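Because the structure is a prediction, the values reported are computed rather than measured.
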Amino acid sequence: MNTSNSSINTRIVLRDYMPKGVTSASYFSVDESQEAPSPDSLVDGQVLVKVFALSIDPHLRIYILASEDLPSLADPGLLYPLGKTFSSIGVGTVIASRSNKFCVGDRIRGSELPWQKLAVLNEGSIEKLPSDASVSLQDYLGVLGMPSFTAYLGVVTVGKAKAGETLLVSAASGAVGQVVVQLAKARGLRVIGVAGSDEKTARVKSIGADAVINYKTCGDYAQAIKAVAQEGIDIYFDSVGGSFLDAALLNLNNSARVILCGSMTTFGADKTATYGIKNLDSLIVKEVTMKGLFYLPHIRTQAEADFIQETTRMVSQGLIDFKIDERVGLENAPQALVDLYEGKNFGKVIVRL
């Protein structure tokens, strides 16, 4: 990639849709055909932003999988236009402004920041971040961003966690899971984490989990859960779906809550070959609640205000340990996305430009 010409606005575009899951960075391409935008190109209500970092998140798959592989929950109309600059949640700094709402030097976050070095953005598409220098920009992609908010919604809003209960969380070393562990422990719950390597299980234990299951070595999932949760599970925070979700259903207590946050093991896979849930009947007599969770409908609600207040306090007091898996260089964003789905990340994945 050419980095010597500052007049080039390097960007990442989607070259083709992925037919069988997020498997290769080759479906993206690096484009250096566009000149960098100048302050003179702005119109009223626009700002020029230097992109600092991009968030790499599981939900991005719904924009890039071939339509025949989209699950029923996805709208084929969401597919990203081929050849267009890809985008995700990101943060940056305003370097020129024709907006009454933003000044040069303001730090911003956007839900659709283009995967490029410089971006002209409408003022309504971004939010101004606090100028507190003690909080880094990347914190607003992680511990004060969407992953933590999702964890908060699961534990507090949907899970209605109570002291003394037992919570099981899959992908416990990931962006969302690591916060689920810590929020639940702060509320007096017994927490069991699930991860896929010795390094990851050690990490989950270090942030407060009472017990950890290595799903790659534990053998029978249902028995492994029962061995560390003999009193049963009150809340299961699920990010993987498939056979582990099915095993968790066998270990639930009466009035348990199951939070469906993701389906990493089955999303985009051949639906005729993926694992089908078999233990739903066990939810009936126990009156279990199973609910999907997506953060977007909760933006600008009281829940978000409560999350910001509580999490900011916990961060300032050093009560949350949040692990970032940082990749450097815009050109590495596509591979970072692939690595996320292959489980090669360790913590919240961001790409710093």
Side-chain angles (χ1 to χ4, degrees), residues 22 53-64 70-71 73-75 78 80 86-91 108-113 124-130 135 137-161 167 169-184 186-187 235-241 245 257-264 267 289-312 314-315 320 322-325 337 340-341 345 347-350:
V22 184
L54 299 164
S55 182
I56 307 298
D57 300 300
H59 75 271
L60 294 176
R61 59 191 165 187
I62 68 176
Y63 306 124
I64 60 180
L70 287 169
L73 62 87
D75 178 0
L78 291 174
Y80 222 79
F86 201 63
S87 66
S88 65
I89 300 171
V91 291
I108 63 92
R109 177 172 59 192
S111 61
E112 297 183 29
L113 233 60
S125 68
I126 55 176
E127 61 177 311
K128 185 184 297 187
L129 298 172
V135 180
L137 263 176
Q138 72 179 27
D139 284 340
Y140 291 101
L141 296 181
V143 71
L144 294 174
M146 182 270 288
S148 284
F149 185 33
T150 301
Y152 180 90
L153 290 169
V155 173
V156 179
T157 307
V158 179
K160 302 185 187 305
L167 178 146
V169 53
S170 59
S173 67
V176 176
Q178 61 181 311
V179 183
V180 170
V181 171
Q182 294 173 83
L183 289 178
R187 283 168 166 75
I235 303 172
Y236 175 44
F237 194 109
D238 179 54
S239 293
V240 296
L245 168 60
R257 288 82 75 200
V258 178
I259 297 123
L260 303 177
C261 181
S263 55
M264 290 286 285
F267 195 106
T289 299
M290 180 181 285
K291 183 175 174 60
L293 172 62
F294 188 47
Y295 79 99
L296 214 52
H298 302 273
I299 294 293
R300 298 182 182 88
T301 66
Q302 186 59 46
E304 185 180 31
D306 293 342
F307 154 73
I308 292 171
Q309 181 179 30
E310 178 175 341
T311 311
T312 301
M314 293 181 72
V315 170
I320 292 185
F322 192 86
K323 184 174 180 58
I324 292 285
D325 183 339
L337 183 60
L340 177 65
Y341 286 102
N345 64 299
K348 164 63 190 158
V349 182
I350 70 166

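- When side chains are defined from C-beta on, Val135 does not count as touching Pro130, because their heavy atoms never get closer than 4.5 Å.
- From Tyr295, atom OH reaches atom CG of Leu153 across 11.0 Å, with rounding to the nearest 0.5 Å.
- When all heavy atoms are compared, the tightest approach of Ile56 to Leu340 is O-CD2, 3.9 Å.
- Rounding to the nearest 0.5 angstrom, the gap separating the CZ atom in Phe86 from the CD1 atom in Ile64 is 5.0 Å.
- In this structure, Lys348 and Gly142 approach most closely via the heavy-atom pair CG-CA, 4.3 Å.
- A distance-only check finds a donor-acceptor pair linking the side chain of Arg257 to the backbone of Gly159 [under 3.5 Å].
- Rounding to the nearest 0.5 Å gives a distance of 6.5 Å between CG of Leu129 and CG of Leu137.
- Using a 4.5 Å heavy-atom threshold, the side chains of Val143 and Met314 count as separate.
- The shortest heavy-atom contact between Ile235 and Ile259 is CG2-CD1, 3.5 Å.
- The shortest side-chain heavy-atom distance between Leu245 and Tyr236 falls under the 4.5 Å cut-off.
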**Report entry** Audit row: Val156, Arg187, side chain to side chain contact (heavy atoms under 4.5 Å, CB included) steps and yes/no
**Finding:** CA-CA 9 Å; Val156 179; Arg187 283 168 166 75; 3.3 Å; yes

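- Of the possible donor and acceptor atoms, one in the side chain of Gln178 sits under 3.5 Å from a partner among the backbone N and O of Lys323.
- Not one N or O on the side chain of Ser239 forms a donor-acceptor pair closer than 3.5 Å with the backbone of Ser170.
- Of all heavy-atom pairs between Leu141 and Leu54, the closest is CD1-C, 3.9 Å.
- Of all heavy-atom pairs between Asp306 and Tyr152, the closest is CB-OH, 3.3 Å.
- One finds the CG atom of Leu296 at 7.5 Å from the OG atom of Ser111 (value rounded to the nearest 0.5 Å).
- Remark: Asp57 CG to Met146 CE distance equals 3.5 Å, nearest 0.5 Å.
- The closest donor-acceptor contact from the side chain of Glu304 to the backbone of Arg300 lies under 3.5 Å.
- Within 6.0 Å of NZ in Lys291 there are 12 or fewer heavy atoms belonging to other residues, nucleotides or ligands.
- To the nearest 0.5 Å, atoms CD1 (Ile320) and CG (Asp139) are separated by 10.5 Å.
- Side-chain atoms of Tyr80 and Ser87 include a donor-acceptor pair closer than 3.5 Å.
- For Val315 against Leu144, the heavy-atom pair with the smallest separation is CG2-CD2, 4.3 Å.
- For the pair Phe149/Ile299, a side-chain contact is recorded, criterion being any heavy-atom separation below 4.5 Å from C-beta on.
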